[in-house]
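Once you've had a glance at the structure underneath, I'll fire off some questions.
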Amino acid sequence: MNKKLYISTYGCQMNVYDSARMADLMSPLGYSLTNKPADADMAILNTCHIREKASEKTFSELGRLRNLRRDKKSRDEGDMIIAVAGCVAQAEGAEIMKRAPYVDMVFGPQSYHHLPEMVAQATRGVGHILETEFPVEPKFDHLPEEAIDKNLSAFLTVQEGCDKFCAFCVVPYTRGAEFSRPVAAIIDEAKRMVAAGTREITLLGQNVNAYHGEGADGKSVSLARLIKELAEVEGLDRLRYTTSHPLEMSEDLCSAHRDIDILMPYLHLPVQAGSDRILAAMNRRHTADEYRRIIDKLRHYRPDLALSGDFIVGFPGETDQEFEDTLQLVRDVEYAQAYSFKYSPRPGTPAAALDGEMIDEAVKSERLARLQALLNEQQLAYNRSFVGKEIDVLLEREGKREGQLVGRSPYMQSVFVPSPSHRIGNIATVIVREGNANSLRGELKPGSVADAA
Ligand code: 5AD
Ligand code: SF4
């Protein structure tokens, strides 16, 4: 029987990848994806714990699903299995079971390969299932071979977990210790993705540049080496990786940005703050100047590298001057884009215990507004600097307007062009006409894309 699976995904790209793998795992059981939760035979909330009020959002979404299940039953259309996955499940599994006893299963990111068994158990009515241990056997060994993404641009998880323990962050607790997949498994998956039509792969990991997977000779392989091997995969045109830690920006990875053609000139390298005292309190283990020097080195190897970052304002104890140091760092680096957040305490993390030093909400909001104004200014200036230039764009999908396609530049900008849809899948040369806050507009260079494609 054809059953419907609804997956609601929050948070990072790792969750997007995990949701796609869960859909792959469920397809042999007769489940196909739906975007209408009301019709679902099974609904999975793949949650994120990093943002504020993550658990409240999960509970309100769960309440909505419970009502949809009740309505579905009253229409005589059968039951709905309700599952919570991801980092909120990992961190607050027992609490979810207690507060939302109608939930059938709760499982953490390290357990989703057990999904078919858990679903079989749930349909046999064995009661509630809670799986938030970190199992000994890594989940990647248990994923179906045919797990491939059919997207032109797709994610591939190469590393999971984090041992860095930044004082504000839950990831080391929800995703566990660092784990790297072996090189051969990654190359195989990349080849299957390319055979299915993928042209751009983004290597994913919470701490991706700490990658140290096992190579063919049993020895440990760095991310730079892995990238070199992936660059040999026939038919793969573009590679990216995210998210990186400054301390792991090794010499070979920096120079890979010069040496590997298909490695795109874009790097997300969070720094979080520009004051050395705050960086130390955050347990980042590097100074602002050390970060500046890493950026200089990267730009030495790849002068056109586009940089992105993450920032936290109002970390406990942050003074006005320390916040000014963050603004100064942003001015020095000049970001192509960035993400910025107000600090919010995550239960169980060391920073959450700094009760006496919490910064006023109003101060945090004001700092965030100033930082974002500066970042937006830089992003607009960056995008405007492309006007009149030619860039390569992987045409990925139709845009909102009729007769318009959208794709990504090497520098991660969204680029809109007027074009018929049969050109999707090509890398075309685009002449940029307009640089806006969040995207570029342009036109295809005549003859740069084959019409027979
Ligand atoms: N408060 C605010 N921002 C946070 N981040 C992680 N934890 C917190 C927190 N407790 C931000 C960091 C990280 C990004 C993914 O989320 O900037 O790099
Ligand atoms: Fe969290 Fe990233 Fe720090 Fe790891 S390196 S603890 S994932 S912020």
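Everything quoted here is computed from the prediction, not taken from an experiment. Order of listing sets the numbers, starting from 1, for every ligand and every atom in it.
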Distance-only N or O hit between ligand 1 and F168, under 3.5 Å: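 In this structure, F168 places an N or O atom under 3.5 Å from an N or O of ligand 1.
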R331 atom CZ, neighbour heavy-atom count above 12 within 6.0 Å: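 Yes, enclosed.
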Ligand 1 to Y343 polar contact by distance, N or O atoms, under 3.5 Å: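 In fact, backbone or side chain, Y343 has no N or O that close.
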Closest protein heavy atom to atom 14 (C) of ligand 1, given as residue, atom name and distance to 0.1 Å: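 Going by distance alone, atom 14 (C) of ligand 1 is nearest to D310 OD2, 3.4 Å.
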Proximal atoms of ligand 1 relative to K342 (non-hydrogen, under 4.0 Å):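 Here the atoms of ligand 1 in question are 1 (N), 2 (C).
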Q272 contact mode with ligand 1 (heavy-atom cut-off under 4.0 Å):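 Side chain only.
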side-chain contact (heavy atoms from CB on, under 4.5 Å) partner of Q13, chosen from T242, T202, D18: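 Option passing the side-chain contact (heavy atoms from CB on, under 4.5 Å) with Q13: T242.
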Full working for side-chain hydrogen bond (donor to acceptor under 3.5 Å, both in side chains) between Q110 and E160: CA-CA 9 Å; Q110 304 309 322; E160 229 179 304; 3.0 Å; yes
Y339 OH: over 12 foreign heavy atoms closer than 6.0 Å: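 Open.
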Proximal atoms of ligand 1 relative to R346 (non-hydrogen, under 4.0 Å):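 Counting from 1, the qualifying ligand atoms are 10 (N).
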Within 6.0 angstrom of K191 NZ, more than 12 heavy atoms from elsewhere: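 No - once you tally the heavy atoms of other residues, nucleotides and ligands closer than 6.0 Å, there are 12 at most.
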Cation-aromatic face contact R99/F59, 6.0 Å, 45 degrees: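 That pair qualifies as a cation-pi contact.
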Aromatic plane relationship, F315 with F168 - under 30° parallel, 30 to 60° tilted, over 60° perpendicular: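 Geometry flag for F315 against F168: perpendicular rings.
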Distance from atom 5 (N) of ligand 1 to nearest protein heavy atom, with residue and atom: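 Ranking protein heavy atoms by distance from atom 5 (N) of ligand 1, first comes R51 NH2, 3.8 Å.
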Residue and atom, protein N/O/S, under 2.8 Å of atom 3 (Fe) of ligand 2: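 Sorted hits: C166 SG.
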Nearest neighbour in protein (non-hydrogen) for atom 2 (Fe) of ligand 2: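 Checking every protein heavy atom, the shortest distance to atom 2 (Fe) of ligand 2 gives Q206 O, 4.5 Å.
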Verdict with reasoning, Q272 to Y291, per side-chain contact (heavy atoms from CB on, under 4.5 Å): CA-CA 11 Å; Q272 315 294 357; Y291 180 84; over 6 Å; no
Distance flag, aromatic centroids of H245 and F165, threshold under 6.0 Å: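 They do not qualify: ring centres at least 6.0 Å apart.
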Centroid-centroid under 6.0 Å between F386 and Y411 rings: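 Under 6.0 Å, so yes.
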